[in-house]
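All ligand and atom numbering here is 1-based and tracks the order in the structure. Count residues from 1 along the sequence. Worth saying up front: this structure is predicted, and the values here are computed from it rather than measured.
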Amino acid sequence: MSQDIPAGLVEALRKAEAVVVLTGSGISADSGVPTFRGAGGLWQGHHPEELATPRAFHRDPAQVWGFYDWRRTLLAGCAPNDGHRALVRLEQLVPEFTLLTQNVDGLHQAAGSRDVVELHGNIWRVRCTGGCRGEHEDRRAPLPPPLPPRCTCKSLLRPAVVWFGEALSRDVFERAEQASLIADVFLAIGTSGAVEPAASLARLARSTGAIVAEINPDGSLLSAMARYIVNDTAARALPRLVAALESPA
Ligand code: OAD
């Protein structure tokens with residue numbers, strides 16, 4: 001299904017001083033990355049608590065690492081799509097732009113977005129769970145056996161992502177809140193809005209007067225608060241949105 005970009009949304013973006021974009025796994029779907037919920041989603045047939053919680057890691061770190069190693073290997077073959085690329089352009093077209101993402105795949109950065117606020121961390125980084133607490137990038141996929149990988153200090157390494165039951169990094173979330181508080185337009189793209197506190201950022205922006213808009217081929221929990229909805233994929237809708245913004249008013 002394809003749908004025109006609402007003129008009101010283009011107008012709002014033209015006038016906006018500050019724009020916040022919140023992305024979810026849907027923006028990476030056209031790159032071949034599975035989403036979490038719904039048909040074919042990563043959580044279908046799985047309980048997140050069996051794979052993405054501190055408890056699961058404590059119980060069976062090899063199993064949890066098996067899941068992350070599989071995702072990393074899949075991601076290693078994925079490239080940014082037209083949706084990611086259009087956001088790089090959008091950043092250049094508005095005075096103040098903040099890109100918040102729930103994705104851990106690093107595809108926004110690969111497309112060229114700078115200063116991405118990664119609410120849930122990054123799957124290409126690993127963190128020591130022992131005394132040294134060191135964190136570093138490791139892009140090997142698959143990881144060389146044995147799993148789970150260990151730090152030079154011999155403690156277990158874990159993916160530097162946020163698991164269910166864990167708090168988001170305070171600095172990261174404060175930045176996201178500050179940006180949402182002053183946003184004139186808050187654009188939610190490819191997210192179900194099912195996970196807190198990320199979804200609360202849309203409510204926060206709305207409560208201080210932002211125009212909330214959504215790009216998603218289906219409805220989401222954020223649809224009810226959106227003034228503008230584009231029911232299409234991010235890879236199709238975002239280039240059209242940017243083209244409309246760049247064309248003479
Ligand atoms: P979900 O799987 O919950 O939602 C994906 C959304 O993307 C749905 O609303 C789809 O309709 C939409 N979608 C699918 N294909 C799309 C496309 N081509 N273009 C645009 N939208 C599309 O994923 P998230 O909302 O990202 O957290 O999930 C949020 C968090 O839940 C994730 O960060 C992860 C997960 O559990 C943690 O692991 C902590």
> Heavy-atom distances under 4.0 Å are what count here, so tell me which part of V195 touches ligand 1: side chain, backbone, both or neither.
side chain
> Please write down residue, atom name and distance for the protein heavy atom closest to atom 9 (O) of ligand 1.
N216 ND2, 2.9 Å
> In the protein, what heavy atom is nearest to atom 32 (C) of ligand 1, and what distance, to one decimal place, separates them?
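Among all protein heavy atoms, the one nearest atom 32 (C) of ligand 1 is F36 CE1, 3.5 Å.
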> Suppose I only count heavy atoms of V162 and a 4.0 Å limit; which atoms of ligand 1 are within that range?
39 (C)
> One thing to verify: whether R175 and E118 come together as a salt bridge, which I'm taking to mean a side-chain N less than 4.0 angstrom from a carboxylate O.
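No, E118 and R175 are not salt-bridged.
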> Between R55 and E50, is there a salt bridge with N-O shorter than 4.0 Å?
no
> Which residue from G190, A29, G24 reaches closest to atom 7 (O) of ligand 1 through any of its heavy atoms?
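Residue with the shortest heavy-atom distance to the ligand atom: G190.
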> What I'd like to find out is whether the side chain of R133 reaches to under 4.5 Å of the side chain of C128, using heavy atoms alone.
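Of all side-chain heavy-atom pairs linking C128 with R133, none is under 4.5 Å.
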> Return the closest protein heavy atom for atom 28 (O) of ligand 1 as residue, atom name and distance.
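For this ligand atom, the closest protein heavy atom is R37 NH1, 3.2 Å.
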> Tell me: protein heavy atom nearest atom 25 (O) of ligand 1, and distance?
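Minimum-distance protein heavy atom for atom 25 (O) of ligand 1 reads T191 OG1, 2.7 Å.
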> Decide whether an N or O pair under 3.5 Å exists between T233 and ligand 1.
no
> Determine whether a donor-acceptor pair (N or O, by modelled atom type, separation under 3.5 Å) exists between the side chain of E11 and the backbone of K15.
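Judged by distance alone, no pair lies under 3.5 Å.
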> To check your reading of the model: name the closest protein heavy atom to atom 17 (C) of ligand 1, its residue, and the distance in Å.
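Nearest protein contact, heavy atoms only, for atom 17 (C) of ligand 1 is G26 O, 3.1 Å.
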> Under a 4.0 angstrom heavy-atom cut-off, which atoms of ligand 1 come close to D30?
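Close to D30: 18 (N).
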> Are any of the side-chain nitrogens in E246 or R89 under 4.0 Å away from the carboxylate oxygens of its partner?
yes
> Under a 4.0 angstrom heavy-atom cut-off, which atoms of ligand 1 come close to F164?
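In order of numbering, the contacting atoms are 36 (O).
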> Would you check if the side chain of N103 reaches a backbone N or O of G24 as a donor-acceptor pair within less than 3.5 Å?
yes
> Taking both backbone and side-chain atoms of W163, is any N or O found less than 3.5 Å from an N or O belonging to ligand 1?
no
> Looking at R240 and D4, is there a salt bridge between them, counting it only when a charged N and a carboxylate O are closer than 4.0 Å?
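The answer is no: the pair does not qualify as a salt bridge.
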> Does a donor on one side chain sit under 3.5 Å from an acceptor on the other, for S113 and H84?
no
> Taking only Lys NZ, Arg NE, NH1 and NH2, and the carboxylate oxygens of Asp or Glu, determine whether R139 and E137 approach each other closer than 4.0 Å.
yes
> So for ligand 1, is S220 a polar contact partner (N or O within less than 3.5 Å, distance only)?
no
> So, are R72 and D105 salt-bridged, with charged N and O less than 4.0 Å apart?
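Salt bridge flag = no for D105 with R72.
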> Identify the heavy atoms of F36 and R71 that sit nearest to each other, and give their distance.
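That closest heavy-atom pairing would be CZ-NH2, 3.7 Å.
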> Considering only non-hydrogen protein atoms, determine which one is nearest to atom 23 (O) of ligand 1 and report residue, atom name and distance to 0.1 Å.
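The protein heavy atom lying closest is S25 OG, 2.7 Å.
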> Would G219 count as a polar contact of ligand 1, with the cut-off being nitrogen or oxygen pairs under 3.5 Å?
no
> Counting from 1, what ligand 1 atoms have a heavy atom of D218 closer than 4.0 Å?
11 (O)
> Identify, for atom 33 (O) of ligand 1, the protein heavy atom at the shortest distance, and state residue, atom and that distance.
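Closest protein heavy atom to atom 33 (O) of ligand 1: H120 ND1, 2.8 Å.
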> What I'd like to find out is whether the side chain of S169 reaches to under 4.5 Å of the side chain of E174, using heavy atoms alone.
no
> Is P217 near ligand 1, meaning one of its heavy atoms is under 4.0 Å from it?
yes
> Which part of Q102 is near ligand 1, with near meaning a heavy atom under 4.0 Å away: side chain, backbone, both or neither?
both
> Which residue supplies the protein heavy atom nearest to atom 36 (O) of ligand 1, what is that atom called, and how far is it?
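Scanning the protein heavy atoms, the shortest distance from atom 36 (O) of ligand 1 goes to W43 NE1, 2.8 Å.
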